[in-house]
Amino acid sequence: MEITAETSPNVTVVSISGTVDSGTAGALATSLREHAGNGGSHLVADLAGVDYMSSAGLRALLETVKEARQRGGDLRRAGVQPNVLRVLDLSGFTKILKVFPDVAAAAASFPA
Amino acid sequence: MEITAETSPNVTVVSISGTVDSGTAGALATSLREHAGNGGSHLVADLAGVDYMSSAGLRALLETVKEARQRGGDLRRAGVQPNVLRVLDLSGFTKILKVFPDVAAAAASFPA
Amino acid sequence: MSGVTTPGTLEAIQAFVVDGCRRAGADDATGFDLRLAVDEACTNVAMHGYAGAGPGPIGVVLESDGTWIRVTITDRGVSFRPERVEPPDLAAEAERRPLGGLGWHLIRQMTDEIEYHSDSDSGNRLVLGRRIKP
Amino acid sequence: MSGVTTPGTLEAIQAFVVDGCRRAGADDATGFDLRLAVDEACTNVAMHGYAGAGPGPIGVVLESDGTWIRVTITDRGVSFRPERVEPPDLAAEAERRPLGGLGWHLIRQMTDEIEYHSDSDSGNRLVLGRRIKP
Ligand SMILES: Nc1ncnc2c1ncn2[C@@H]1O[C@H](COP(=O)(O)OP(=O)(O)O)[C@@H](O)[C@H]1O
Ligand SMILES: Nc1ncnc2c1ncn2[C@@H]1O[C@H](COP(=O)(O)OP(=O)(O)O)[C@@H](O)[C@H]1O
């Protein structure tokens with residue numbers, strides 16, 4: 001798994017790629033938790049590069065959604081591969097994470 | 001497109017298969033509208049057999065969600081093929097239609 | 001292929017695109033995506049381009065060089081400005097979502113290149129391109 | 001394959017399942033699904049079965065007759081009752097969703113057949129089956 005984050009004053013875009021499983025989800029959760037404190041807790045997860053996600057990854061995403069919303073922000077998503085989309089959907093996460101057609105649209109969806 | 005409906009006292013399960021496009025979505029909307037009046041407007045759409053859906057189908061689904069909710073019910077979904085799931089997701093409909101792992105779970109999700 | 005914008009033609013156009021994508025070596029998901037983009041565009045021609053006027057002529061040509069697939073759609077209906085079609089608010093609750101207004105959004109999602117040209121002599125021409133190889 | 005329940009083994013098990021599914025002629029989506037089901041089950045063995053005890057032995061065997069793929073997972077951790085694991089409430093708002101509790105739900109979604117057996121002599125054995133041809 002690789003994580004890169006780009007922070008602008010109003011939003012942090014976290015791009016994740018590779019495998020998100022019980023071995024890597026901890027690092028994802030830590031990274032997301034850090035960023036949830038910045039930019040008004042306005043977070044965008046770009047999942048386009050993720051080719052595998054297990055329930056450990058879902059846990060990291062849910063933890064971040066809760067944390068960000070408690071701070072008045074949110075975690076929104078853009079980009080997802082079909083297999084990972086099915087995992088999100090079967091777990092009720094397509095309802096939890098607001099989706100946008102691309103990273104720019106997700107970033108622009110937050111109030112300035 | 002084929003539509004079959006199974007009505008029990010509390011819920012109507014509408015199973016849709018084939019192509020849902022501008023040529024067939026009208027018939028889908030009509031059928032769903034009829035059922036929205038029955039069983040407390042508790043509707044389950046089983047999309048497992050749908051191999052194609054265009055925005056005309058999304059329109060029929062949204063119309064039904066609105067109608068059912070106004071009557072205190074809902075339209076929930078179970079079963080979907082990956083390509084159609086992408087269409088729902090890219091259109092924000094994974095957020096609108098509550099998803100369940102199978103028809104039985106979706107049907108059981110409604111209050112008796 | 002060409003025909004007039006009736007439901008039968010719209011169905012035949014879908015089959016034509018799926019078939020052309022398969023011949024071009026695209027995978028099923030790509031075939032699905034281009035079918036959807038072309039169907040949305042042609043349905044719009046039938047519903048908006050020829051609104052009131054009844055069915056009118058429509059032409060669909062598919063070309064591929066092995067790296068891209070390009071579908072050209074021509075019609076004689078009213079012209080319009082695709083770039084002015086506003087994106088939908090995907091985050092809105094169901095109650096606030098309008099009925100319709102998703103066609104151009106899906107066309108944009110499913111394609112990598114969009115070109116539109118309109119003049120009174122030659123009518124309207126929309127080219128939808130999708131990359132099939134890196 | 002066999003090993004002890006460390007992150008490295010869990011990663012190797014995923015690769016082993018993906019590879020076995022490909023050899024059995026399953027498509028990529030099926031390989032993804034079985035990888036997920038087996039990964040969830042093996043992660044549970046590491047996290048719950050051997051909780052406190054540290055890494056313990058785990059075995060994974062994949063078999064296919066061309067119509068089904070069956071993966072058998074064996075371990076010596078605590079036994080439990082998979083059929084008693086409650087399904088999650090998928091319709092709940094994020095704020096009310098618990099962290100965790102999705103592993104068995106995903107295992108059920110991704111498989112067509114689940115068998116579990118446990119006794120003090122032979123330990124725990126979980127068989128996950130998935131149909132790959134009609
Ligand atoms: N071929 C066309 N000719 C004229 N107007 C069009 C055409 N295609 C689209 N439009 C205009 O653009 C709007 C948005 O189109 P679209 O996103 O497909 O949604 P919908 O067709 O559901 O309204 C239409 O409502 C129409 O006003
Ligand atoms: N191999 C196992 N050994 C013992 N208990 C288990 C095992 N697998 C699952 N469980 C129990 O079943 C529960 C549900 O498991 P699961 O659905 O995978 O969610 P999670 O692991 O996130 O709690 C676990 O919390 C645990 O109590």
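Here is how names work: the chains are called A, B, and so on, in the same order as the sequence lines, proteins then strands, and each is numbered from 1.
Listed here is the closest heavy atom pair of Leu36(C) and Met53(B): CD1-O, 3.7 Å. Residue Ala94(C) comes nearest to Arg69(B) through the heavy atom pair CB-NH1, 3.4 Å, listed as atom of the first residue, atom of the second, then distance. In this structure, Glu95(C) and Lys66(B) approach most closely via the heavy-atom pair O-NZ, 3.5 Å. Closest approach of Val84(B) to Phe32(C), counting heavy atoms only: N-CZ, 4.2 Å.
Interatomic distance, Arg35(C) CZ to Asp51(B) CG, rounded to the nearest 0.5 Å: 6.0 Å.
Within 6.0 Å of atom CD in Glu113(C), more than 12 heavy atoms from other residues, nucleotides or ligands are found, so the atom counts as buried in its surroundings. Residue-environment remark: CD (Glu67(B)) exceeds the threshold of 12 foreign heavy atoms within 6.0 Å. By the 6.0 Å contact criterion, CG on Asp112(C) is enclosed, its count of non-hydrogen atoms from other residues, nucleotides or ligands being greater than 12. Counting non-hydrogen atoms of other residues, nucleotides and ligands closer than 6.0 Å to CZ of Arg131(C) gives a total above 12. Taking a 6.0 Å sphere around CD of Glu86(C), one finds it holds 12 or fewer heavy atoms contributed by other residues, nucleotides or ligands.
Side-chain contact between Arg97(C) and Val65(B): absent, with no pair of heavy atoms (C-beta onward) separated by less than 4.5 Å. Contact check for Val18(C) versus Tyr52(B): no side-chain heavy atoms found under the 4.5 Å cut-off. Between Met110(C) and Leu90(B) there is a side-chain heavy-atom pair separated by less than 4.5 Å. Proximity of Asp21(B) to Leu10(C): side-chain heavy atoms (C-beta onward) are nowhere separated by under 4.5 Å. Within the 4.5 Å cutoff, the side chain of Ser54(B) has no heavy atoms near those of the Thr43(C) side chain.
Contact annotation for Arg59(B): both backbone and side-chain heavy atoms come within less than 4.5 Å of a heavy atom of chain C. For a residue to count as touching a neighbouring chain, one of its non-hydrogen atoms must lie under 4.5 Å from one of that chain's; by this rule Leu62(B) touches chain C with backbone and side chain alike. Proximity to chain B (any heavy atom under 4.5 Å) is restricted, for Asp33(C), to the side chain, taken from C-beta onward. Using a 4.5 Å cut-off between heavy atoms, Ala92(C) touches chain B through its backbone atoms (N, CA, C, O) alone. Contacts between Gln14(C) and chain B at a heavy-atom distance below 4.5 Å involve the side chain alone, from C-beta outward.
Listed for the Glu40(C) side chain is a donor-acceptor partner under 3.5 Å among the backbone atoms of Ser55(B).
Among Pro82(B), Gly92(B), Ala56(B), the residue making the largest number of heavy-atom pairs under 4.5 Å with chain C is Gly92(B).
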